Asker: 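Here it is: the structure, laid out below.
Please read these numbers as outputs of a predicted model, since none were measured by experiment.
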Amino acid sequence: MKTYHLTTPISADDIKDIRIGDIVYLTGTMVTCRDDGHRRVVKEGLEMPVDVKDKAILHAGPIIKYLPNNDYKMVAVGPTTSMRMEMFEEEFVHKTGVRLIIGKGSMGPGTARACKNDKALQLVYPAGNAVYAAKHVEKIVDAKWTDLGMPETLWVCKVKDFGPLIVTIDTNGDNFFDAKKAEFNRRKEEQIKKISEQVQFIK
């Protein structure tokens with residue numbers, strides 16, 4: 001396991017050696033984008049109102065404090081379940097050129113293909129750290145698609161050392177969760193075999 005510090009814009013070359021299980025800290029531009037944002041881009045064919053090419057998105061519905069002069073403060077930003085975006089993510093990545101997809105939990109084969117073909121990473125932010133995560137948002141520089149409401153708005157954030165982010169799908173398309181599941185099943189079968197040999201006298 002290795003640790004990497006990435007700063008946007010991020011190129012394919014910057015992440016080509018990063019593998020599942022590695023840790024990433026992100027500095028630069030990160031945009032919150034969840035269900036409705038993905039739906040608008042993929043299903044409705046709308047252009048993202050903010051350029052995320054070579055940048056990062058976060059599957060999250062943050063809590064925002066509205067300040068005077070159209071300013072904002074990030075109060076909490078916990079990731080939401082990424083698998084809900086699986087049906088959109090492959091096309092979303094291809095259309096937008098986003099380089100890092102950050103969220104909660106595993107994603108599926110469509111996202112894995114996107115990471116392999118378009119050279120992106122999927123990463124998981126540890127759950128239960130929404131307030132801590134907000135401390136690494138230096139500033140909210142813009143808000144797009146505000147008609148979607150606070151959780152679904154595209155909050156354009158300037159972040160510093162945002163992490164730790166665990167790489168769960170790399171540019172080879174390897175999936176950390178699938179690998180761990182396979183390892184678990186192998187160990188389980190080994191233990192079942194041992195136990196069965198020890199209790200075979202039971203009828």
Asker: Do the two ring centres, one from Y25 and one from F162, sit under 6.0 Å apart?
Answerer: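 Aromatic pair excluded; centres sit 6.0 Å or further apart.
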
Asker: Do NZ/NE/NH1/NH2 and the carboxylate oxygens of D36 and R39 come within less than 4.0 Å?
Answerer: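 Here D36 pairs with R39 in a salt bridge, since their nearest N and O are under 4.0 Å apart.
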
Asker: Consider salt bridge (Lys or Arg N to Asp or Glu O under 4.0 Å). Of R34, K144, R40, which one does E152 pass it with?
Answerer: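 Testing E152 for a salt bridge (Lys or Arg N to Asp or Glu O under 4.0 Å) against R34, K144, R40 leaves exactly one candidate, R34.
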
Asker: Would you find a donor on one side and an acceptor on the other, under 3.5 Å apart, between the side chain of N129 and the backbone of P126?
Answerer: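 Answer holds: yes.
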
Asker: So, using side-chain hydrogen bond (donor to acceptor under 3.5 Å, both in side chains) as the criterion, who are the partners of T111 when residues are at least two apart?
Answerer: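 Checked T111 against side-chain hydrogen bond (donor to acceptor under 3.5 Å, both in side chains); matches are E86.
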
Asker: Under a 3.5 Å distance rule, please check whether D71 uses its side chain to pair with a backbone N or O of P68 as donor and acceptor.
Answerer: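 No, the answer is negative, given that no donor and acceptor are paired below the 3.5 Å cut-off.
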
Asker: May I ask you to say whether D51 pairs ionically with R99, meaning some side-chain N is under 4.0 Å from a carboxylate O?
Answerer: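 Looking at D51 and R99, the cut-off is not met.
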
Asker: Run the salt bridge (Lys or Arg N to Asp or Glu O under 4.0 Å) test against R113 and tell me which residues pass, sequence neighbours left out.
Answerer: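 Scan of R113 (salt bridge (Lys or Arg N to Asp or Glu O under 4.0 Å), adjacent residues dropped) gives E90.
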
Asker: For residues 1-11, which residue pairs qualify under side chain to side chain donor-acceptor pair (under 3.5 Å), counting only residues two or more places apart or in two chains?
Answerer: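 Side chain to side chain donor-acceptor pair (under 3.5 Å) check on residues 1-11 returns S11-D14.
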
Asker: Please check: side-chain N/O of W155 versus main-chain N/O of M150, any donor-acceptor pairing under 3.5 Å?
Answerer: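 Looks like yes, one N/O pair under 3.5 Å.
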
Asker: Using modelled atom types and a 3.5 Å cut-off, is there a donor and acceptor pairing between side-chain atoms of K65 and backbone atoms of M74?
Answerer: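 Not a single qualifying donor-acceptor pair exists.
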
Asker: Do you know which two heavy atoms are closest between D170 and I18, and how far apart they sit?
Answerer: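 Looks like CB-O, 3.5 Å.
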
Asker: Please give the remaining members of the hydrophobic cluster of V131, linking ILVMFWY side chains under 4.5 Å, ordered by chain and number.
Answerer: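 Its cluster mates, by chain and number: none.
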
Asker: Any chance you could lay out the side chain to side chain contact (heavy atoms under 4.5 Å, CB included) test for T171 and I15, step after step, and finish with the verdict?
Answerer: CA-CA 8 Å; T171 55; I15 62 175; 3.8 Å; yes

Asker: Other than I63, what residues sit in its cluster of Ile, Leu, Val, Met, Phe, Trp and Tyr side chains whose heavy atoms are under 4.5 Å apart, directly or through others?
Answerer: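 Joined to I63, directly or through intermediates: V75.
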
Asker: Using a cut-off of 6.0 Å, state whether more than 12 heavy atoms not belonging to K158 lie near its atom NZ.
Answerer: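 Atom NZ in K158 is not crowded, with 12 or fewer foreign heavy atoms closer than 6.0 Å.
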
Asker: Apply side chain to side chain donor-acceptor pair (under 3.5 Å) to the pair T80 and H59, showing each step before the final yes or no.
Answerer: CA-CA 6 Å; T80 194; H59 299 152; over 6 Å; no

Asker: Main chain of K160, side chain of H136: is a donor-acceptor contact present, judged purely on distance under 3.5 Å?
Answerer: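 Yes; at least one donor-acceptor contact below 3.5 Å.
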
Asker: Mark yes or no for whether T32, through its side chain, and T153, through its backbone, hold a donor-acceptor pair below 3.5 Å.
Answerer: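 Pair found, side chain donor or acceptor close to backbone of T153.
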
Asker: Taking transitive links into account, so neighbours of neighbours count too, which hydrophobic residues share a cluster with L67 at under 4.5 Å side-chain distance?
Answerer: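 Members besides L67: none; it forms no cluster.
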
